[in-house]
Amino acid sequence: MSAFDDLYAANAKFAKRFADSGLTGRAARGLAVVTCMDSRIDPLGLLGLKAGDAKIIRNAGARVTDDVLRTLVLAVYVLGVERVLVMPHTDCGMAKVTDPDVHALTQERGVDTRSLEFHTVPDQNEALRHDLTRIRSTPFLPQGMPVAGAIYDVHTGRLTPAPF
Ligand SMILES: [Zn+2]
């Protein structure tokens, strides 16, 4: 018995009815979405996409970190991405704590995380604006590539495009 048996059992059923789509690893709709790891977000479903359509890059808070930039460079030059949507969401856990809060929480468990930067979000609009600027201004991605931000409401399912 392992902590993952439920998943392996579910996959065995999945694989039985699985049919290879024949798709390659390129994003069929030329899209990359940067979103949060929040378990309420179904990025494909909420955007009318299906497997094969888009690159989905997830982390805590939908932040554009160095690793997200690295991944976008690969997505654009190797995997057919031509547009990027950054999609944070309402009721995000990353907007409810600060980096010092997280350090204090881990400290209670005897773990020192002060060498980690959590990129918590004190102001969601400000964070989104910052992250969009990071993508738009990096020298590693094509000038003028469409880059947009939109906030997903986890309670209504609605996506609100950011005005910047
Ligand atoms: Zn979140």
Side-chain angles (χ1 to χ4, degrees), residues 3-4 6-7 10-11 14 25 27-76 79-138 140-141 145-164:
F4 306 97
D6 55 335
L7 307 177
N11 174 257
F14 173 82
R29 301 270 299 267
L31 173 69
V33 179
V34 179
T35 193
C36 185
M37 67 176 180
D38 192 289
S39 44
R40 294 167 290 187
I41 302 173
D42 169 11
L44 297 181
L46 80 94
L47 295 169
L49 302 171
K50 58 187 190 312
D53 282 345
K55 299 297 171 196
I56 310 294
I57 305 163
R58 301 184 76 154
N59 63 25
R63 300 309 313 272
V64 177
T65 60
D66 288 349
D67 194 61
V68 168
L69 278 180
R70 172 191 75 89
T71 304
L72 287 174
V73 168
L74 291 165
V76 167
L79 298 167
V81 164
E82 297 166 336
R83 51 184 175 149
V84 179
L85 179 67
V86 181
M87 190 176 73
H89 65 99
T90 61
D91 197 35
C92 183
M94 288 284 283
K96 296 175 180 175
V97 291
T98 64
D99 275 41
D101 292 340
V102 181
H103 295 313
L105 282 169
T106 61
Q107 195 71 57
E108 285 171 18
R109 307 266 297 265
V111 176
D112 185 349
T113 53
R114 286 173 299 172
S115 61
L116 291 178
E117 205 177 325
F118 291 109
H119 304 283
T120 50
V121 178
D123 178 327
Q124 195 163 54
N125 276 322
E126 201 43 54
L128 180 54
R129 191 190 295 271
H130 172 274
D131 286 343
L132 292 172
T133 300
R134 244 198 124 182
I135 297 173
R136 288 169 179 150
S137 64
T138 178
F140 300 120
L141 290 169
M145 178 178 68
V147 177
I151 295 179
Y152 175 65
D153 187 322
V154 294
H155 298 301
T156 66
R158 284 221 169 73
L159 196 58
T160 303
F164 43 79

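These figures come from a predicted structure and were not determined experimentally. Every number for a ligand or one of its atoms is a count from 1 in the order of the listing.
For a distance threshold of 2.8 Å, the protein N, O or S atoms nearer than that to the Zn ion (ligand 1), listed by chain and number, are Cys36 SG, His89 NE2, Cys92 SG.
Using a 4.5 Å heavy-atom cutoff, the side chains of Met145 and Val84 are in contact. You'll find the side chain of Ile41 reaches within 4.5 Å of the side chain of Cys36, heavy atoms only. Put simply, the side chain of Val147 does not reach to within 4.5 Å of the side chain of Arg134, judged on heavy atoms.
For Leu74, the side chain to side chain contact (heavy atoms under 4.5 Å, CB included) partners two or more places apart in sequence, or in a different chain, are Arg70, Val78.
Listed by first and then second residue, the side-chain hydrogen bond (donor to acceptor under 3.5 Å, both in side chains) pairs involving residues 118-129 are Asp99-Thr120 (not counting sequence neighbours). Screening residues 94-117 for ring-ring contact (aromatic ring centres under 6.0 Å, His included), with sequence neighbours left out, gives His103-Phe118.
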